[in-house]
Amino acid sequence: MLQIGFIRENQEKVIQALAKRNLDARATVAEIVQMDEARRAAQVELDNTLSESNKLSASIGQLMKSGEQAKAAILKEKTVLLKEQSKELSEKVDALAHELTQKLYTLPNLPADIVPPGKSADDNLTVHQEGEIPTLYEGAQPHWELLKKYDIVDFELGVKITGAGFPVYKGKGARLQRALISYFLDKNTEAGYKEFQVPHLVNEASGYGTGQLPDKEGQMYHVGIDDLYLIPTAEVPVTNLYRDVILSENELPVMCTGYTPCFRREAGSYGSHVRGLNRLHQFDKVEIVRIEHPDKSYEALDGMVEHVKTLLRELKLPYRILRLCGGDMGFTSALTYDFEVFSTAQDRWLEISSVSNFETFQANRLKLRYRDANGKNHLAHTLNGSALALPRVLAGIIENYQTPDGIVVPEVLRPYTGFDIIN
């Protein structure tokens with residue numbers, strides 16, 4: 001969340017920045033500032049009451065030593081009243097602080113200066129495009145037909161076991177899926193990312209820490225009896241490894257990678273654009289997460305973008321990169337680049353990665369800090385990216401690599417699959 005001190009001192013700047021997200025935050029900012037003033041005033045009153053109580057306690061000790069018990073008794077009665085006042089004021093401060101925090105949770109992150117204005121995905125800016133779009137043979141099919149033809153992913157079995165959006169990968173389909181996971185993890189660790197295996201369920205504090213709660217509560221699967229959430233992305237558990245942590249400056253950057261299944265309700269997603277692997281309730285993803293010094297986070301973001309480019313170049317998939325406009329960015333992001341792979345059989349672009357810098361937005365929720373050489377603590381910057389999300393990468397491979405004789409396996413994956421064609 002945004003830092004209250006920054007909001008208080010830069011109210012107009014915050015309002016103008018959030019306008020790039022098509023959000024009129026003037027009333028909310030004013031309310032937040034008023035709530036903060038009330039909290040601070042209550043804190044001053046509490047501090048003064050505690051200070052007076054401490055002074056009286058010291059005076060009582062001196063009076064007792066000098067034998068003036070009657071005067072000491074009068075002061076003791078006053079300290080009892082002050083303690084009651086202190087308790088009431090402390091509860092008031094806590095209540096005001098909680099109310100303020102809940103209001104701060106409603107404000108999204110401020111877009112970086114280079115974020116283009118816009119209201120929807122139509123206003124995103126294409127900043128890079130690479131790779132040759134293949135010319136397919138006559139009679140080429142979309143991936144959902146090919147998956148059925150070669151019996152490598154079964155959607156009907158998934159419906160039988162669980163429901164729509166939970167496919168079953170079979171035979172060479174399962175092996176290709178596993179090959180992609182291993183390949184992505186190997187490339188990430190070679191680039192310096194430390195691999196983690198993390199829980200697939202998280203508690204409420206973790207959801208709030210990375211900003212999925214309360215913003216995306218309706219999109220997360222909730223295990224009510226245990227009050228746990230199925231993760232929508234490895235970003236949540238991996239970043240929360242460093243919740244309430246103070247790093248030394250020389251420990252930065254922290255670079256993590258991890259593979260997890262991801263679970264998203266995707267409520268309201270219907271139509272032909274979500275057929276097959278295009279949108280699922282459960283899917284696999286390999287994530288990269290970085291914790292950076294604020295002065296180096298945008299350099300790190302550029303490095304993450306280049307890293308994802310390398311993966312797609314080696315897979316020889318045509319792709320493009322979009323800089324998201326203010327109206328299409330995620331709640332927690334300051335700047336996001338989306339990668340899209342071109343699906344030749346569907347004749348459309350499919351998002352396969354988002355790479356984002358959150359600046360201090362997540363770190364403020366997480367209380368994730370670093371200590372500089374002078375011993376002073378500062379909020380770190382957090383970043384994350386998909387490297388990569390598997391369903392649409394798999395869809396792109398199935399469609400773009402199809403031939404009349406079968407689906408050719410990208411050369412870089414063959415050491416992992418042990419076969420070079422699906423037929």
Indicate the atoms forming the closest heavy-atom contact of Asp36 with Arg8, along with that distance.
-> OD2-NH1, 2.5 Å
For a side chain to side chain contact (heavy atoms under 4.5 Å, CB included) with Ile231, tell me which candidate from Leu201, Thr260, Val238, Thr210 qualifies.
-> Thr260
Would you say the side-chain atoms of Thr126 and Gln129 include a donor-acceptor pair closer than 3.5 Å?
-> no
So CG of Asp123 and OG of Ser120: to nearest 0.5 Å the spacing works out to 4.5 Å
Whether Asn188 side chain and Thr257 backbone form a donor-acceptor pair below 3.5 Å = no
With sequence neighbours left out, the residues meeting ring-ring contact (aromatic ring centres under 6.0 Å, His included) with His200 are none
For Glu195, look at atom CD and say whether over 12 heavy atoms of other residues, nucleotides or ligands are found less than 6.0 Å away.
-> yes
List in chain and number order the residues that pass ring-ring contact (aromatic ring centres under 6.0 Å, His included) with Tyr337, two or more places apart in sequence or in another chain; answer none if no residue qualifies.
-> none
Please step through side chain to side chain donor-acceptor pair (under 3.5 Å) for the pair Ser354 and Asp338, ending with a clear verdict.
-> CA-CA 4 Å; Ser354 287; Asp338 268 8; 2.4 Å; yes
State which residues pass side chain to side chain contact (heavy atoms under 4.5 Å, CB included) with Glu91; sequence neighbours excluded, sorted by chain then number.
-> Lys87
May I ask you to decide whether Lys103 forms a salt bridge with Glu31, counting only side-chain N to carboxylate O separations under 4.0 Å?
-> yes
Side chains of residues 285-294: which donor-acceptor pairs under 3.5 Å do they make with residues two or more places apart or in other chains?
{"from": "Lys285", "atom 1": "NZ", "to": "Thr233", "atom 2": "OG1", "distance (Å)": "2.8"}
{"from": "Lys285", "atom 1": "NZ", "to": "Glu287", "atom 2": "OE1", "distance (Å)": "2.5"}
{"from": "Glu287", "atom 1": "OE2", "to": "Asn384", "atom 2": "ND2", "distance (Å)": "2.3"}
{"from": "Arg290", "atom 1": "NE", "to": "Glu292", "atom 2": "OE2", "distance (Å)": "2.8"}
{"from": "Arg290", "atom 1": "NH1", "to": "Tyr193", "atom 2": "OH", "distance (Å)": "3.3"}
{"from": "Arg290", "atom 1": "NH2", "to": "Glu292", "atom 2": "OE2", "distance (Å)": "2.8"}
{"from": "His293", "atom 1": "ND1", "to": "Asp295", "atom 2": "N", "distance (Å)": "3.0"}
{"from": "His293", "atom 1": "NE2", "to": "Glu249", "atom 2": "OE2", "distance (Å)": "3.4"}
{"from": "His293", "atom 1": "NE2", "to": "Tyr370", "atom 2": "OH", "distance (Å)": "3.3"}

Out of curiosity, His143 NE2 to Asn278 CG, how far, rounded to the nearest 0.5 Å?
-> 5.0 Å
Name all residues meeting the side-chain hydrogen bond (donor to acceptor under 3.5 Å, both in side chains) criterion together with Thr332; count only those two or more places apart in sequence or in a different chain, and write none if there are none.
-> none
Asp284-Gln177 side chain donor-acceptor pair, cut-off 3.5 Å = yes
Check: Leu185 main-chain N/O paired with Thr189 side-chain donor or acceptor under 3.5 Å = yes
Quick check: does any side chain N or O of Ser90 sit under 3.5 Å from a backbone N or O of Ser86, one acting as donor and the other as acceptor?
-> no
Residues forming a side chain to side chain contact (heavy atoms under 4.5 Å, CB included) with Glu9, sequence neighbours excluded | none
Which residues pass the side-chain hydrogen bond (donor to acceptor under 3.5 Å, both in side chains) test with Asp113, sequence neighbours left out?
-> none
By side-chain hydrogen bond (donor to acceptor under 3.5 Å, both in side chains), His378 pairs with (sequence neighbours left out) Asp372
Counting only heavy atoms not in Glu314, do more than 12 sit closer than 6.0 Å to its CD atom?
-> yes
Evaluate side-chain contact (heavy atoms from CB on, under 4.5 Å) for Leu322 paired with Trp349, printing each intermediate quantity in order.
-> CA-CA 11 Å; Leu322 307 176; Trp349 293 96; over 6 Å; no
How many angstroms lie between atom CG of Asn357 and atom OG1 of Thr382, to the nearest 0.5 angstrom?
-> 7.5 Å
If you measure only the distance, is there a donor-acceptor pair under 3.5 Å linking the side chains of Glu235 and Gln362?
-> yes
Mark yes or no for whether Arg175, through its side chain, and Thr417, through its backbone, hold a donor-acceptor pair below 3.5 Å.
-> yes
Residue His128 excluded, over 12 heavy atoms near NE2 under 6.0 Å | yes
Under 3.5 Å, which donor-acceptor pairs link side chains of residues 156-166 to any protein atom two or more places apart or in another chain?
none

side-chain contact (heavy atoms from CB on, under 4.5 Å) between Tyr229 and Asn203, worked out = CA-CA 6 Å; Tyr229 293 86; Asn203 55 29; over 6 Å; no
Minimal non-hydrogen separation, His222 against Leu228, with atom names = CD2-O, 3.2 Å
Expected output: side-chain Asn400 to main-chain Phe342 donor-acceptor under 3.5 Å = yes
Give a yes or no on whether Lys316 atom NZ has more than 12 heavy-atom contacts from other residues, nucleotides or ligands under 6.0 Å away.
-> no
Hey, which of Leu388, Val393, Val355 is the one that makes side chain to side chain contact (heavy atoms under 4.5 Å, CB included) with Phe339?
-> Val355
For Asn48, the side-chain hydrogen bond (donor to acceptor under 3.5 Å, both in side chains) test, sequence neighbours excluded, returns none
Quick one: list whatever passes side chain to side chain contact (heavy atoms under 4.5 Å, CB included) with Leu81, sequence neighbours left out.
-> Glu84
Taking the side chain from Arg26 and the backbone from Ile15, do they hold a donor-acceptor pair closer than 3.5 Å?
-> no
Mark yes or no for whether Asn240, through its side chain, and Val236, through its backbone, hold a donor-acceptor pair below 3.5 Å.
-> yes
Sequence neighbours excluded, which residues qualify as salt bridge (Lys or Arg N to Asp or Glu O under 4.0 Å) partners of Arg320?
-> Glu340
State whether the side chain of Glu251 and the backbone N or O of Ser248 hold a donor-acceptor pair below 3.5 Å, judged by distance alone.
-> yes
Short question: side chain of Lys20, backbone of Val115 - any donor-acceptor pair under 3.5 Å?
-> yes
Any donor-acceptor pair under 3.5 Å linking the side chain of Arg264 with the backbone of Pro232?
-> yes
Of all the heavy-atom pairs spanning Gln102 and Thr106, show the shortest one and how long it is.
-> O-CG2, 3.6 Å
Point-to-point distance, once rounded to the nearest 0.5 Å, from CG of Leu312 to OG of Ser353 = 8.0 Å
Decide if atom CD of Glu190 counts as having more than 12 heavy atoms of other residues, nucleotides or ligands within a radius under 6.0 Å.
-> yes
Describe, in one word, how the ring planes of His281 and Tyr221 are oriented to each other, choosing from parallel (under 30°), tilted (30 to 60°) and perpendicular (over 60°).
-> perpendicular
